[in-house]
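In what follows, a single structure is set out as structure tokens and then discussed.
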Protein chains: 2
Amino acid sequence: MDDTQTTYKLKAQIIKAMAHPSRLMIIEELAKGERCVCDLKRVVGGDMSTVSKHLAVMRHAGIVEDRKAGLQVFYRLRVPCIIQFFGCVEAVMAATFATFRERPLGDA
Amino acid sequence: MDDTQTTYKLKAQIIKAMAHPSRLMIIEELAKGERCVCDLKRVVGGDMSTVSKHLAVMRHAGIVEDRKAGLQVFYRLRVPCIIQFFGCVEAVMAATFATFRERPLGDA
DNA sequence: TGCCTATATGGTAAGATTGCCATGTAATGG
DNA sequence: CCATTACATGGCAATCTTACCATATAGGCA
């Protein structure tokens, strides 16, 4: 595999690390500031081990960093520009809903 | 599942539709302008049916639109802001490599 | 030291994704 | 009508992802 292929694979891995509902919720919460795992668990629900694994995926991809403080581990976004992208994702959704409005059910 | 959950699921689906090396290549190519499936097949390689399925994933997510013209089908990005996001993904990669530079192998 | 709390990791079963082959379909040319 | 071209879809095996449970680790406190 050449360099170009490797680059695309790395980029895909970073994007894939965002591509899960719980991980999006985590990113949005971290956009407000540093949070401990316990905070994030409260936000996304589910098992602590599941949250921990979601964080490991994002940490491995380089999206988040952690900082240990006593018993707790605090996570934060490593590259805040990620948040700006959410607006674009919402634009895709808006375009989709606009299409439905333009061509409602039964419209020729 | 409530509305908030549904929204996150939709967003995740849109992002997931980008999270694949071949699909990133396709998006980058489409950023340059409309392209037929045959063009895209040349760019990403592999089977035509595989390219076609990647396009279907992105079409379903609302990332691309198609336009038939005779025997060919031309695809284009539906919401161009997607491209801007690539810069942010590269920033994540740059941060990761910077970390390696700051803490090379064997550094305490 | 021994216990408690916060988080991480291993195991695993269910489900999703991927990529190829074979086949289907629609437009075009003869 | 028939063949060809460009693309899409069905099927399927290999692989990856996810979420839970059980267990491990590490810090703080008695």
Side-chain angles (χ1 to χ4, degrees), chain A residues 1 5-6 8-27 29-30 33-78, chain B residues 1 5-6 8-27 29-30 33-76:
Chain A
M1 184 153 72
Q5 290 290 316
T6 307
Y8 280 105
K9 209 168 170 183
L10 280 173
K11 284 187 191 175
Q13 193 184 12
I14 292 167
I15 297 175
K16 202 182 297 184
M18 296 186 232
H20 185 287
S22 300
R23 297 203 286 264
L24 291 179
M25 286 188 236
I26 290 172
I27 290 170
E29 184 66 21
L30 293 182
E34 211 179 50
R35 294 287 186 273
C36 68
V37 181
C38 52
D39 290 332
L40 299 172
K41 172 174 154 52
R42 245 171 264 129
V43 170
V44 309
D47 202 79
M48 161 70 84
S49 73
T50 301
V51 176
S52 196
K53 278 183 186 175
H54 281 309
L55 288 166
V57 168
M58 292 194 282
R59 188 162 15 89
H60 192 241
I63 293 176
V64 299
E65 291 178 314
D66 61 333
R67 172 178 73 83
K68 295 182 210 318
L71 274 178
Q72 305 192 105
V73 178
F74 288 88
Y75 279 82
R76 61 182 175 279
L77 292 181
R78 203 157 69 118
Chain B
M1 183 151 72
Q5 290 289 316
T6 306
Y8 280 105
K9 209 169 170 181
L10 281 172
K11 284 186 190 174
Q13 194 185 11
I14 293 167
I15 297 175
K16 202 182 296 183
M18 296 186 231
H20 186 286
S22 300
R23 297 203 287 265
L24 291 180
M25 287 188 236
I26 290 172
I27 290 171
E29 185 65 21
L30 293 182
E34 212 179 49
R35 293 286 186 275
C36 69
V37 182
C38 52
D39 291 332
L40 299 173
K41 172 175 154 54
R42 246 171 264 130
V43 171
V44 310
D47 202 80
M48 159 72 84
S49 73
T50 300
V51 175
S52 196
K53 277 183 186 176
H54 282 308
L55 288 166
V57 168
M58 292 195 281
R59 186 163 15 88
H60 192 241
I63 293 177
V64 299
E65 291 178 315
D66 62 330
R67 172 179 72 84
K68 295 181 212 315
L71 274 178
Q72 305 191 107
V73 179
F74 288 88
Y75 279 82
R76 62 181 174 280

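Note on naming: letters A, B, ... go to the chains in the order of the sequence lines (proteins, then strands), and numbering restarts at 1 for each one. This structure is a prediction, so every number in the text was calculated from the model and none was measured.
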Report summary line: When rounded to whole Å, the CG to C1' distance for the pair B/Asp47 and D/dG11 reads 14 Å

Report task. Measure from the side-chain heavy atoms of B/Leu71 and tell me the nearest of D/dA6, C/dT5, D/dC7. Result -> D/dA6

Query raised in the report: Rounded to the Å, how far apart are A/Asp66 CG and D/dA26 C1'?
Result: 14 Å

Query raised in the report: Considering only D/dT9, D/dA26, D/dA19, which nucleotide approaches the side chain of B/Lys53 most closely?
Result: D/dT9

Query raised in the report: Quick one: which of D/dT18, D/dC21, D/dT9 gets closest to the side chain of A/Arg23?
Result: D/dT18

Query - base_contact_polar (D/dC21 base, A/Ser49 side chain, donor-acceptor, <3.5 Å) - result: yes

Query raised in the report: Can B/Val64 and B/Arg59 be said to form a side-chain contact (heavy atoms from CB on, under 4.5 Å), step by step?
Result: CA-CA 5 Å; B/Val64 299; B/Arg59 186 163 15 88; 4.0 Å; yes

Report task. Measure from the side chain of B/Val37, starting at C-beta and using heavy atoms only, and say which of D/dA19, D/dA8, C/dT7 lies closest. Result -> D/dA8

Report task. Please report, rounded to the nearest Å, how far the P atom of D/dG27 is from the CZ atom of A/Phe74. Result -> 16 Å

Query - Side-chain donor or acceptor of A/Arg35 paired with backbone N/O of A/Leu40 under 3.5 Å - result: no

Requested in this report: May I have the distance from B/Lys9 (atom NZ) to D/dT18 (atom P), rounded to whole angstrom?
Outcome: 13 Å

Report summary line: Distance col, row B/Cys36:SG vs B/Lys41:NZ, nearest 0.5 angstrom, shows 11.5 Å

Report task. Could you check which of C/dA8, D/dA8, C/dA6 has an atom nearest any side-chain atom of B/Tyr75? Result -> D/dA8

Query raised in the report: With A/Phe74, which of A/Glu34, A/Glu65, A/Lys68 fulfils side chain to side chain contact (heavy atoms under 4.5 Å, CB included)?
Result: A/Glu34

Query raised in the report: C/dC20, D/dC7, C/dT9: which one has an atom nearest the side-chain heavy atoms of B/Cys38?
Result: D/dC7

Report summary line: Which of C/dG19, D/dT5, C/dT7 is nearest the side chain of A/Met48? It is C/dT7

Query raised in the report: Would you say the side chain of A/Lys68 and the base of D/dG28 hold a donor-acceptor pair, judged only by whether the two atoms sit under 3.5 Å apart?
Result: no

Query - Nearest to side-chain heavy atoms of B/Gln72, which nucleotide of D/dC7, C/dG19, C/dA8 - result: D/dC7

Report summary line: For B/Ile15 and A/Ala19 the tightest heavy-atom approach is CG2-CB, 3.8 Å

Query raised in the report: In whole Å, what is the span from the CG atom of B/Leu40 to the P atom of D/dA6?
Result: 14 Å

Report summary line: Note: for A/Gly70 and A/Gly46 on DNA chain D, the residue whose nearest nucleotide lies more 5' is A/Gly46

Report summary line: Of A/Val73 and A/Lys16, the one whose nearest nucleotide on DNA chain C sits closer to the 5' end is A/Val73

Query raised in the report: Are A/Ile26 and A/Val43 close enough, and set up right, to give a side-chain contact (heavy atoms from CB on, under 4.5 Å), and what steps lead you there?
Result: CA-CA 8 Å; A/Ile26 290 172; A/Val43 170; over 6 Å; no

Query - Donor/acceptor link under 3.5 angstrom from B/Lys41 side chain onto base of C/dG19 - result: no

Query raised in the report: Between atom CG in B/Leu55 and atom P in C/dT18, what is the gap in whole Å?
Result: 13 Å

**Report entry** Protein-nucleotide distance (B/Ile26, atom CD1; D/dC7, atom P), rounded to Å
**Finding:** 12 Å

Query raised in the report: NE2 of A/His60 versus P of D/dT17: gap in Å, rounded?
Result: 11 Å

Query - Closest nucleotide among C/dC20, D/dC7, D/dG27 to the B/Thr50 side chain - result: C/dC20

Report task. Could you check which of D/dA19, C/dC20, D/dT9 has an atom nearest any side-chain atom of A/His54? Result -> D/dA19

